[in-house]
Amino acid sequence: MPVLSEVCNAPVFSVEFSAATAEISRANGQTTFCLPLPWLEGDLTEILFRDAQPAGEAHGFLLYQSGGLTIGCAVQPVDGNPATAARELYRRLLRASAGQSLYRIWNYVPEINARLEGIENYRAFCAGRSHAFEEAYGANFKQLLPAASAVGCTGRHLAVIFVAGHATPRYVENPEQVAAYLYPPEHGVRSPSFSRATVTTDAGRPLVFISGTAAIKGHATVGIGSLAEQLECTLDNLQILSQRAGCGESFAADREISRYFKVYLRRAADLPEVRARIERTLVQPGDRVIYLQADICRAELLVEIEATLMG
Ligand code: 3EB
């Protein structure tokens with residue numbers, strides 16, 4: 001029997017990796033969102049909103065409240081075309097978050113680089129997601145897209161987590177990267193639906209979500225075949241985004257702020273090199289960092305890094 005203090009301190013909503021399949025497990029008033037991508041190093045559990053409390057369900061999403069934020073999570077089976085599954089999941093997500101602004105979405109896409117009838121699963125996912133956004137938000141939907149990440153996982157379910165709130169956030173772009181929602185059709189029939197970062201506040205506290213960031217300049221992949229070059233390009237993009245988000249060159253490292261990073265590696269064997277490099281300039285003691293093995297949305301990308309900053 002756990003003692004009462006342990007029960008009370010345990011977070012109501014957390015995310016775990018290395019699961020066999022994407023699933024939402026609920027026990028003793030706690031929800032664990034279990035994701036099938038291998039954990040490599042760092043925190044075993046991702047807890048971004050330690051004070052989150054249950055806030056019911058809507059459109060198949062389990063909802064949680066943390067201050068003025070709404071956190072929602074759901075899975076969607078993919079039987080057949082991932083575009084159809086993505087469209088359905090995003091229809092539900094956009095209904096569950098209606099009336100609020102989206103701040104951040106984490107997407108986990110099964111077999112993201114595999115192809116079905118010649119179309120890469122990521123591109124099919126992008127098509128379904130984009131149609132759902134256009135349907136819900138109208139022709140100007142590209143101005144309302146939140147920070148996001150989309151990485152691969154195993155299994156047969158799309159899994160998403162969103163964070164939304166009632167403030168009107170500032171969506172940030174990187175002047176050295178074409179906005180993903182304006183990528184030309186050579187990257188897929190419908191462009192990816194996300195902005196590079198979201199800057200907002202909750203209950204007076206600053207909140208910055210930096211999207212999954214990789215070695216892309218303009219809309220081209222940089223450093224194909226070179227982990228070191230991809231890392232430098234990714235860190236450069238992150239630095240630009242930190243500046244643009246009002247966090248200085250190094251993610252508010254000098255301020256009283258909680259910093260969370262996730263690092264996705266296509267090849268687990270790259271962990272030592274990546275870790276050594278990012279610990280040199282990006283990560284500092286006290287930061288929460290999780291390293292995961294994941295396929296990334298372009299087959300030639302080897303690494304992707306995201307950041308969340310909370311005052
Ligand atoms: C990129 O910059 C790399 O489709 O939601 C990063 C963050 C990437 C989010 C998404 C994709 C997504 O295009 C990939």
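Whatever order the structure lists them in is the order used to number ligands and atoms, beginning at 1.
Every heavy atom of A180 sits 4.0 Å or more from the atoms of ligand 1. Residue contacts with ligand 1: Y183 is included, with a non-hydrogen atom under 4.0 Å away. Under a 4.0 Å heavy-atom criterion, H187 is not in contact with ligand 1.
A heavy-atom distance below 4.5 Å is not found between the side chains of D270 and V303. Using a 4.5 Å heavy-atom threshold, the side chains of S149 and R104 count as touching.
Of the protein's heavy atoms, F194 CE2, 3.2 Å lies nearest to atom 12 (C) of ligand 1. Looking from atom 6 (C) of ligand 1 to the surrounding protein, the closest heavy atom is G212 O, 3.2 Å.
Taking the six-membered ring where tryptophan is involved, the planes of F133 and F141 are essentially parallel, since the angle between them stays under 30° and well short of 60°. The aromatic rings of H219 and H187 sit perpendicular to each other, their planes meeting at more than 60°, with 30° as the lower class boundary.
Shown are Q230, E300, K217; of these, the side chain to side chain contact (heavy atoms under 4.5 Å, CB included) with V222 is made only by K217.
Those atoms of ligand 1 that come under 4.0 Å of a heavy atom in C297, given as number and element, are 3 (C), 8 (C), 11 (C), 14 (C). Residue Y122 approaches ligand 1 through these ligand atoms, each under 4.0 Å from one of its heavy atoms: 4 (O), 10 (C), 11 (C), 12 (C). Listed by number with element, the atoms of ligand 1 under 4.0 Å from a non-hydrogen atom of A148 are 5 (O), 7 (C), 9 (C). Those atoms of ligand 1 that come under 4.0 Å of a heavy atom in I216, given as number and element, are 1 (C), 2 (O), 3 (C), 13 (O).
In summary, the side chains of E306 and Y264 do present a donor paired with an acceptor at a separation below 3.5 Å, with no hydrogens or angles considered.
Using modelled atom types, one side-chain atom of N113 and one backbone atom of I296 make a donor-acceptor pair closer than 3.5 Å.
Below 3.5 Å of separation, one finds an N or O of R196 facing an N or O of ligand 1. Ligand 1 has an N or O atom lying under 3.5 Å from an N or O atom of R129, backbone or side chain. At a 3.5 angstrom cut-off on N or O pairs, Q177 does not count as close to ligand 1.
A salt bridge is defined here as a Lys NZ or Arg NE, NH1 or NH2 lying under 4.0 Å from an Asp or Glu carboxylate O, and E46 with R288 fails to meet this definition.
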